[in-house]
Number of protein chains: 2
Amino acid sequence: MNIPERTIERLSIYYRHLYYLAQQGTFNISSRSLASIVGEKPETIRKDLSYFGSFGKTGSGYVVNDLKREIAKILGLEQGRRVAIVGMGNLGLALVGYKGFEMLGFKIAAVFDNSLNKIGKKYRGRLCHNIADFSRIARQEGIEMVILTVPTEAAQEITKLVTGSGIKALLNFAPVHLNVPKDVRVTNVDLATALKSLSFFVSRR
Amino acid sequence: MNIPERTIERLSIYYRHLYYLAQQGTFNISSRSLASIVGEKPETIRKDLSYFGSFGKTGSGYVVNDLKREIAKILGLEQGRRVAIVGMGNLGLALVGYKGFEMLGFKIAAVFDNSLNKIGKKYRGRLCHNIADFSRIARQEGIEMVILTVPTEAAQEITKLVTGSGIKALLNFAPVHLNVPKDVRVTNVDLATALKSLSFFVSRR
DNA sequence: GCATAATAGTGAAAACATTCACAAATGAAT
DNA sequence: ATTCATTTGTGAATGTTTTCACTATTATGC
Ligand SMILES: NC(=O)c1ccc[n+]([C@@H]2O[C@H](COP(=O)([O-])OP(=O)(O)OC[C@H]3O[C@@H](n4cnc5c(N)ncnc54)[C@H](O)[C@@H]3O)[C@@H](O)[C@H]2O)c1
Ligand SMILES: NC(=O)c1ccc[n+]([C@@H]2O[C@H](COP(=O)([O-])OP(=O)(O)OC[C@H]3O[C@@H](n4cnc5c(N)ncnc54)[C@H](O)[C@@H]3O)[C@@H](O)[C@H]2O)c1
């Protein structure tokens, strides 16, 4: 079966809110209530879940903790994936301390740069490595995913380096289309584009 | 006619690359070449453009500068939209200096916080205002869009404040679904979600 | 000027995603 | 026990987006 791209994105969002709900001690939740929290329709949630199994109970909905665990399993969050950030500039610096990542099962296990001003320094307790050592350290640290926050000009070159070291998943902030082997997945975060889409909306009003 | 959401996002991406191409002095480009630069299919580009008119020339493609101008017109980028950032923390600080925004026709015209440590200080040459003065200053500065980088707990409250002051477009980084009047548009940038989607892909391999 | 190649634009088809609507299960109240 | 309300899970219907496949037009080389 083919699972819609958007379903995966939504599952992530459900997961986060289930996390909060569990913290608050909520035990049960219906697709209806969850929908109103996450801003979706109840049937969307049920359909999304139905691709992976059936986790609810007719009449009473879902057990928050169970559903949370199931989604973690689906998204592969159980084992605490290890992530590297490459590029300790403005953005890399903001991201390295972001609690939202760790909270949800990601571990920023290493950070890299190519500037002598940054290599050897500590950022939020993490030693900044020389990008030249990526391959060795990534293996050593068990890095599976890379967050790319280098200047646009360097992005393709670094992509080649990290995919060459066996990385199969990249979260890219540089506003450029990265060419990668086809077993590598890239997600682009394009803030200027997000703003421009909003701008379109503003002009339409 | 209904224009696909994704079309608008892609137009933004085309725009950026046309900007680079123009800078490099490229005069003409075919949908095929542009497609390979932006990572889409040629027919996707042609179809996207066809919603708004016909801008190319059979046999030779598009004139880079003309197409760039047309897309700017479509997205409402011509007049240089004025944007405020609310929340001068880690992320707000990274964004305030981001050249990518100004380059593409956005002006960060004001920044806000509620902390006495930040109000009155300058960030990249911009005076940080008290969020309590938002309404007045937004009017004064002609703010049309807001980038929201406040802690999650404050996001809904600030949303109420800024939409109450007439803002109709929000770029939200807090991992929460914002309730807004229905003539207000919110785009959520959810980095943890982006990572989780990647994680799903990694587990599937 | 003619043949050939390149390319835009676009209906129609196919693929994909959301929403509807209802059966079946469960829970709550009496 | 029976009734009524709630809620899931899911086929089917509907809606949306992408891709195909073709026509018409322009450019190029001879
Ligand atoms: N700052 C923002 O708000 C923002 C927003 C959206 C997108 N971006 C994009 O994110 C990327 C980074 O932005 P930034 O503002 O943090 O830039 P920056 O210049 O502050 O940081 C870039 C960092 O990458 C390092 N670097 C350069 N070449 C490298 C290489 N070959 N290997 C390893 N490290 C290298 C630099 O030393 C620097 O520390 C850019 O592509 C930018 O367009 C930035
Ligand atoms: N740091 C990251 O890398 C990152 C990544 C993704 C998402 N986010 C999200 O972005 C938001 C901001 O993150 P951050 O790391 O920059 O947080 P931060 O704590 O560094 O900054 C928040 C800023 O908002 C200000 N603030 C608090 N309440 C306010 C109010 N009522 N009005 C105006 N200003 C107020 C604070 O004074 C502070 O300067 C959070 O919701 C976070 O979850 C952050």
Side-chain angles (χ1 to χ4, degrees), chain A residues 1-14 17-18 21 26-71 74 177 193 197 200-201 204, chain B residues 1-14 17-18 21 26-71 74 177 193 197 200-201 204:
Chain A
M1 194 182 3
N2 230 21
I3 291 142
E5 194 76 31
R6 290 284 168 92
T7 289
I8 301 301
E9 287 175 32
R10 284 190 300 257
L11 284 177
S12 304
I13 296 172
Y14 307 157
H17 287 281
L18 290 166
L21 286 165
T26 307
F27 194 79
N28 274 300
I29 193 157
S30 66
S31 60
R32 187 127 79 91
S33 319
L34 184 57
S36 90
I37 294 173
V38 301
E40 300 286 347
K41 303 196 172 174
E43 55 269 41
T44 304
I45 296 181
R46 296 201 302 272
K47 179 63 101 180
D48 284 344
L49 293 171
S50 79
Y51 291 113
F52 300 96
S54 93
F55 310 115
K57 210 171 163 191
T58 320
S60 67
Y62 304 88
V63 174
V64 170
N65 263 305
D66 293 357
L67 186 57
K68 174 168 160 272
R69 191 166 342 103
E70 291 294 344
I71 294 181
I74 293 165
H177 170 73
T193 287
S197 305
F200 174 73
F201 172 77
R204 274 289 149 113
Chain B
M1 194 185 359
N2 230 23
I3 290 144
E5 192 81 7
R6 290 284 167 92
T7 289
I8 301 302
E9 287 175 31
R10 284 190 300 258
L11 283 176
S12 303
I13 295 171
Y14 307 157
H17 288 280
L18 290 166
L21 287 164
T26 307
F27 194 78
N28 274 300
I29 194 156
S30 66
S31 59
R32 185 127 80 92
S33 319
L34 184 57
S36 90
I37 294 173
V38 301
E40 299 286 347
K41 304 198 168 171
E43 56 268 41
T44 305
I45 296 181
R46 296 200 301 272
K47 181 64 101 181
D48 284 345
L49 294 171
S50 79
Y51 292 113
F52 301 96
S54 92
F55 310 114
K57 210 172 162 189
T58 321
S60 67
Y62 305 85
V63 173
V64 170
N65 264 304
D66 293 357
L67 186 56
K68 174 167 161 273
R69 193 168 339 106
E70 291 294 344
I71 295 180
I74 293 166
H177 171 72
T193 286
S197 306
F200 173 72
F201 171 76
R204 273 293 150 111

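A, B, ... follow the sequence lines: proteins, then strands. Residue 1 opens every chain.
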Residue mapping more 5' on DNA chain C - nearest nucleotide basis, A:D48 or B:G53 =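 With B:G53 and A:D48 compared, the 5'-side residue is B:G53.
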Distance, rounded to the nearest Å, where [X] contributes [atom1] and [N] contributes [atom2]:
X	N	atom1	atom2	answer
B:E5	C:dT18	CD	P	12 Å
B:N2	C:dT18	CG	C1'	14 Å
B:K41	C:dT7	NZ	C1'	18 Å
B:E43	C:dA13	CD	P	17 Å
B:L49	D:dT18	CG	P	13 Å
B:I8	D:dT16	CD1	P	15 Å
B:F52	C:dT10	CZ	P	14 Å
A:E9	C:dA17	CD	C1'	13 Å

Please tell me which of the listed nucleotides, C:dT7, D:dT10, D:dT17, lies nearest to the side chain of A:S50?
->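 The answer is D:dT10, which lies nearest to the side chain.
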Quick one: which of C:dC20, D:dT19, C:dA17 gets closest to the side chain of B:T44?
->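 Closest of the options to the side chain of B:T44: D:dT19.
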How is A:K47 classified with respect to the nucleic acid when contacts are heavy atoms under 4.0 Å: base, sugar-phosphate, or nothing?
->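 Counting heavy atoms under 4.0 Å across all strands, the contact made by A:K47 includes a base.
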Does a side-chain N or O of [X] approach OP1 or OP2 of [N] to a distance below 4.0 Å, or not?
X	N	answer
B:R10	D:dT18	yes
A:R46	D:dT8	yes
B:S31	C:dA8	yes

Distance-only donor-acceptor hits, side chain of residues 38-48 of chain A, under 3.5 Å, sequence neighbours excluded:
from  : atom 1 : to    : atom 2 : distance (Å)
A:R46 : NH1    : A:S31 : OG     : 3.1
A:D48 : OD1    : A:T7  : OG1    : 2.8
A:D48 : OD1    : A:R10 : NH2    : 2.9
A:D48 : OD2    : A:R10 : NE     : 2.7
A:D48 : OD2    : A:R10 : NH2    : 3.4
A:D48 : OD2    : A:Y14 : OH     : 2.7

By nearest nucleotide on DNA chain D, pick out whichever of B:P4 and A:I29 is the more 5' one.
->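 Here A:I29 is the residue nearer the 5' end.
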Distance (rounded to the nearest 0.5 Å) between B:Y51 OH and B:I74 CD1 |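 One finds 12.5 Å between OH of B:Y51 and CD1 of B:I74.
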Between CD1 of B:I29 and CD1 of B:I37, what distance do you get to the nearest 0.5 Å?
->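 B:I29 CD1 to B:I37 CD1: 4.0 Å, rounded to 0.5 Å.
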Could you identify which residues of residues 54-67 of chain B place a heavy atom less than 4.0 Å from some atom of DNA chain D, listed by residue number, or say none?
->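 Heavy-atom cutoff 4.0 Å gives B:K57, B:T58, B:G59, B:S60.
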Of all pairs that satisfy salt bridge (charged side-chain N to carboxylate O under 4.0 Å, His left out), the ones with a partner from residues 28-39 of chain A, not counting sequence neighbours =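 Passing the test, one end in residues 28-39 of chain A: no pairs.
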Member of A:V63, A:N65, A:V64 meeting the side chain to side chain contact (heavy atoms under 4.5 Å, CB included) criterion with A:F27 =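 With A:F27 as partner, side chain to side chain contact (heavy atoms under 4.5 Å, CB included) holds for just one option, A:V63.
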When you look at A:Y62 and A:L18, which way does the side chain to side chain contact (heavy atoms under 4.5 Å, CB included) test go after all the steps?
-> CA-CA 10 Å; A:Y62 304 88; A:L18 290 166; over 6 Å; no
